[in-house]
Amino acid sequence: MSKVHLGWPGTTSASLLAALTTWIALWAWAGFVERPSGFLVPLFGVGLLVAATGMLLRSARVPSLLTALGQAGVVALWLHHRWAEDLALGGWIPTDESMARFGEVLRDSVTAAQSYAAPVSASVPEIYPLLIVTGAAAVVLVDFIACGLRRVPVAGLPLLAVYTAPASILDGGVPWWGFVAGAMSFLFLLAGDEGRRLSHWGRQISHSDRVFDTLGTRVSTETVRASARKIGLTATGLAVLVPIFVPTFSGTLFDGSGPGGDGDGDAVAIDNPMADLKRDLVRGRDVDVLDVYTVTGDPTYLRVSVLDSFDGETWKPSDREIPAEQRAEGRLPRPPGLSSGVTRREVTFQIRARDTFDSQWLPAPYPVSSIEARGDWRYDTDTFDFISAAEGQSTVGLEYDLSALQVEALASTLASSGPSPENIFTPYTDLPDNLSDRVPRLAREVTAGATSRFEKAVRLQDWFREDGGFRYSLTERGPGNSTDDLLDFLSPDGRVGYCEQFAASMAVMGRSLGIPSRVVVGFLRPDKVEEGHYVYSAHDLHAWPEMYFDGTGWLRFEPTPQDRARSVPSYTNAQLGVDPTAAPSAAAPTRAPDDFDRPSPSPEAGAAGGSNGSGGIGRELLTGLLVLLGALGLAVLPRAARGWVRRRRWASATTPAGVAEAAWAELRASALDLGLGWDDSVTLRTRARSLAAAFGAPAADAEERQTRSPASGVEAAPEAARALERLVRYVERARYARAVEAQDGVEDDVLLVVGALGDGASRRRRLRATWWPTSLFDRSSSRDARRRRAASGPAIGEPGVDHAV
Amino acid sequence: MTSVHEQTSGAGRAEGSDLDTLARVTGRIRASIEKVIEGKPEVARLAIVVLLAEGHLLIEDVPGVGKTMLSKTLARSIDCSVRRIQFTPDLLPSDVTGVSVFNQDTREFEFRPGGIFANIVVGDEINRASPKTQSALLECMEERQVTVDGSTYHLDAPFLVIATQNPIEMEGTYALPEAQRDRFMARVSMGYPVEAAEIAMLDSHTRSNPLEDLEPVTDAGEIRKLIDIVNRVHVAEPVQRYAVALTTATRRSPELMLGASPRATLHLVRAAKAYAAMAGRDYVIPDDVQGLAVQVLAHRLLPTVEASMSGRTTEVALNQIIAGVAMPESRRG
């Protein structure tokens with residue numbers, strides 16, 4: 001073995017390759033956050049650290065488990081330095097404070113992960129530590145398995161776990177190029193290892209290749225490695241391609257570009273706003289759909305469509321008659337209910353719909369004062385939403401400019417607003433006849449004591465957000481806002497849902513209280529790309545209620561809990577009757593978008609997110625961790641099983657003869673584990689002689705061994721040789737003598753012998769014996785023996801020689 | 001008969017003290033032999049094994065390697081009656097068994113015992129005698145009695161025949177028929193001594209005859225007790241099965257025309273018992289059987305024509321058979 005060069009790339013390249021492979025695999029997590037560099041860059045550093053530490057420790061012949069611990073320690077130290085440098089002694093030495101900070105960072109990260117839906121905004125950097133720590137764990141684990149244990153194929157398990165986490169969370173799964181890149185890298189890692197394994201298969205017969213070097217016994221393994229690469233590439237190619245042609249495969253791997261795809265791609269289509277809402281919210285892979293440019297305006301709460309009609313089954317836009325003069329060109333009339341006395345400010349927006357956004361409705365803030373949009377888009381004077389009036393016209397690639405009013409709504413004014421006019425009141429308080437009495441009763445209970453309609457509306461909003469015990473979850477409730485869904489949602493046991501239920505329920509309850517209400521579907525809040533440039537994505541779709549208060553007009557409310565919608569409109573926050581100047585900033589009805597992006601996730605929110613298992617990516621990361629742990633568990637399973645067999649073997653041996661057989665069986669299993677082979681058909685002494693030949697000196701004497709004592713054989717471990725002799729005699733007595741007496745120290749003798757065998761085996765064999773004990777699976781020896789017996793004729797039924805003797 | 005422990009006969013099993021005695025006595029015999037035959041401990045050991053197993057030993061080798069010396073040394077080491085019969089082509093059966101002669105004084109026929117009447121009989125160059133004479137000897141070996149003119153005379157125990165023979169290719173030899181070879185428990189070849197042993201031999205043998213300095217180290221009575229001890233050595237069922245499996249395998253081997261007889265199995269187990277006792281054990285292990293198989297079986301087997309044409313000896317075939325026969329199931333019932 002030592003003379004044959006086997007092409008193993010050496011620990012240096014193997015370590016680096018293992019780290020690189022894991023890092024590439026971790027690209028699959030890019031979908032978790034909007035700015036993947038936030039964790040991928042640090043993880044690259046982690047990879048280098050792990051590889052370097054691994055090389056250093058392995059070159060010093062540190063045991064692989066200790067190496068892995070050392071790597072984890074170094075990574076932890078580095079992360080500690082990153083996150084708590086100012087509190088650490090000299091920036092590096094952990095102190096109580098710095099450790100507390102370290103823990104805090106991680107806790108915050110877990111909380112953030114539980115609070116946010118993937119992809120988490122770039123403005124939530126708290127998310128990264130969790131990803132970094134989990135990723136680092138994967139890097140260390142893969143390095144440990146691939147380089148420490150040299151079980152490269154097994155290292156595929158944690159890598160698979162890394163890929164599985166996003167595949168199970170994000171609809172889009174893992175981008176195909178990410179998988180192929182990871183697979184290629186893994187292949188290279190395998191190739192080095194498999195080349196050696198393949199060399200056992202024999203060489204490919206080739207006329208051109210020189211098989212033996214002229215210099216000596218160096219076997220050329222080029223053809224072997226080529227075979228390894230070919231096999232690996234073929235397998236990976238098949239793994240990627242075959243599923244495409246299998247009908248059940250959704251084709252998400254190729255985003256519809258493969259033959260199995262549905263051609264739908266990433267587009268967000270909005271035809272029926274409410275029905276499309278959930279689909280886009282839960283879509284695995286977020287897509288950017290809108291660019292909004294505004295310097296002065298507030299880009300949050302961009303309306304798409306107004307659902308003003310509730311027929312007991314669903315909220316939908318009412319049939320609208322929109323004459324040609326209401327084209328989205330130039331100025332719009334004053335929005336309904338807005339009196340001239342209310343302070344307002346006109347701000348401009350430039351909106352560009354991307355090709356991914358296919359809608360019959362034009363997203364716009366409320367209320368628009370003037371608009372210029374190409375094509376035939378028309379507005380409704382009541383709802384102020386814009387709808388396509390031309391066949392086949394949609395928002396795809398559309399750019400339009402508009403001005404909108406930012407109305408300074410004051411709680412005090414709202415509280416004293418007068419009754420709604422008939423043309424608003426009648427249609428917007430209409431409820432289906434089949435609506436249960438429980439809804440209005442509940443609405444009255446919730447708003448009991450409120451003096452004004454506005455106050456009632458605020459009470460409702462607060463009840464949904466905080467007091468009513470509602471939870472936000474996209475997964476625990478399907479779409480639907482019929483009266484039955486409503487009743488279920490409002491019942492104490494059913495208070496979990498997403499924005500659709502919250503908006504619809506508040507609107508229905510508002511109507512039952514005589515407040516004109518409607519539901520709006522639109523976008524909640526964008527990501528700020530740069531100053532004045534915001535981007536909305538499909539996951540930002542939202543629904544909220546609007547309520548009418550005479551003098552100010554339609555105002556939005558936010559009943560959806562803060563897991564999803566961070567804040568409520570400022571006017572609903574203000575104390576009623578307080579000086580209007582106390583209300584926050586100028587005319588903005590809500591806070592600036594950046595305020596939204598700074599959540600202060602409370603432990604309750606975290607707990608809720610964790611328990612309902614939605615929204616946050618914490619659970620998914622947890623799943624990933626569990627899968628990693630599972631892989632680790634699988635890895636240690638054979639070892640544990642071997643230990644169990646050993647203990648059971650000793651425990652079940654009660655008679656002296658039983659102990660002898662147990663000792664021999666244990667010795668046999670240990671030899672098989674070490675790959676020494678075992679022939680049951682030879683005598684005990686013959687067996688013992690070949691065992692003793694495999695003895696090695698204890699590791700402590702390694703240096704001494706090189707100079708003086710022999711490297712293997714009986715002389716290397718005289719103690720073990722004596723123990724083996726004692727064992728053999730004991731087993732012989734047990735098998736062949738008339739009676740056998742118990743012998744002391746049998747178990748110790750076995751340990752001594754097994755220890756000497758281990759010392760004589762290569763490091764690799766020892767590791768394999770520990771982690772992959774083949775004796776658990778091996779039945780070949782006894783089969784061998786049986787076959788040989790069969791060849792030598794049937795066993796003789798009647799001995800009786802002794803009688804003759 | 002210096003220090004024999006009292007035997008606890010009737011118990012049916014060999015005691016530790018018995019085995020000690022056996023080891024001591026056989027050790028003395030071996031030491032005695034080694035004074036004369038240098039560098040051949042395994043041959044000396046086998047000779048004692050055969051003695052204790054109540055078998056007969058066939059020593060086969062080229063002239064001059066010490067065959068006769070070995071037999072004489074063993075005989076001299078034990079204080080018992082020893083006879084040497086030089087087998088020649090004109091040797092008559094009655095020379096071996098004895099003859100009835102008419103006593104003129106008593107006017108009766110009286111039996112004059114032949115060379116066979118001794119505890120140890122050294123049959124030198126046995127294959128030089130005519131088959132008729134060989135047969136007379138071999139009948140005595142098997143029956144341990146001599147019948148002449150209707151009267152039967154029992155031979156004393158211990159009774160050991162050590163026969164030497166030259167390889168059959170040598171001139172003036174008659175091959176022993178296979179039925180007669182079968183009566184020898186074991187065959188051993190002396191082989192040439194190693195260089196150092198040969199030099200040592202030159203030294204000791206040129207000064208004086210070492211045989212003459214040799215004192216008996218034990219006697220016939222003690223040997224009988226040792227034989228009794230050996231008889232009580234335990235042979236476990238798996239070991240019996242192994243011995244039978246070995247001999248059965250020789251009968252099935254395609255390379256052998258004639259396999260081992262049941263008598264061979266018997267001899268094999270008896271020799272293994274003696275060997276085990278000499279190793280200080282009161283039980284036989286498969287290694288004993290395996291280790292003696294070649295010496296005990298090889299001389300009884302006949303290779304097929306094909307095997308002998310291709311130059312494969314019975315030893316080679318036998319070693320292959322031994323390697324191919326698995327140990328019996330190890331678990332005790």
Side-chain angles (χ1 to χ4, degrees), chain A residues 652-665 667-668 678-690 725 727-741 781-805, chain B residues 12-14 53-54 230-253 262-274 276 279-291 320-333:
Chain A
S652 61
T654 46
T655 61
V659 171
E661 292 300 341
W664 198 246
L667 209 55
R668 176 183 189 276
W678 189 276
D679 188 354
D680 281 325
S681 69
V682 301
T683 66
L684 299 174
R685 293 180 180 210
T686 313
R687 194 56 252 154
R689 270 193 296 277
S690 45
E725 202 180 319
L727 281 175
V728 166
R729 289 188 187 286
Y730 185 39
V731 179
E732 276 178 356
R733 277 203 301 282
R735 288 184 183 176
Y736 306 122
R738 282 192 181 87
V740 60
E741 285 151 25
S781 300
S782 49
R783 204 164 52 234
D784 253 9
R786 268 198 298 280
R787 198 169 52 239
R788 293 171 69 160
R789 262 198 300 287
S792 66
I796 309 302
E798 290 178 35
V801 176
D802 210 22
H803 307 301
V805 172
Chain B
R13 47 192 295 182
E54 297 182 281
V230 166
N231 281 339
R232 284 180 273 130
V233 166
H234 177 65
V235 184
E237 189 252 342
V239 180
Q240 295 177 351
R241 290 163 73 97
Y242 179 60
V244 174
L246 270 182
T247 49
T248 309
T250 63
R251 294 164 206 163
R252 291 163 193 264
S253 168
R263 178 167 33 212
T265 318
L266 191 59
H267 281 172
L268 183 56
V269 172
R270 259 164 42 178
K273 285 169 77 166
R281 275 182 275 111
D282 65 344
Y283 55 90
V284 177
I285 60 173
D287 300 74
D288 301 333
V289 177
Q290 201 178 67
Q320 254 183 8
I321 290 167
I322 292 169
V325 174
M327 284 297 119
E329 282 297 333
S330 53
R331 303 284 179 274
R332 288 166 73 102

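Labels below follow one simple rule: chain letters A, B, ... track the order of the sequence lines, proteins then strands, and each chain is numbered from 1.
Rounded to the nearest 0.5 Å, atoms CD (A:Glu732) and CD1 (B:Ile285) are 3.5 Å apart. Residue B:Met327 holds its CE atom at 10.0 Å from CZ of A:Arg735, rounded to the nearest 0.5 Å. Separation of atoms CZ (A:Arg738) and CZ (B:Arg232) is listed at 9.0 Å; rounding is to 0.5 Å.
Between A:Leu684 and B:Asp287, the closest heavy-atom pair is N-OD1, 4.5 Å. The heavy-atom pair separating A:Tyr736 from B:Val284 by the smallest distance is CB-O, 3.4 Å.
At a threshold of 4.5 Å between non-hydrogen side-chain atoms, the residues A:Arg733 and B:Tyr283 count as touching.
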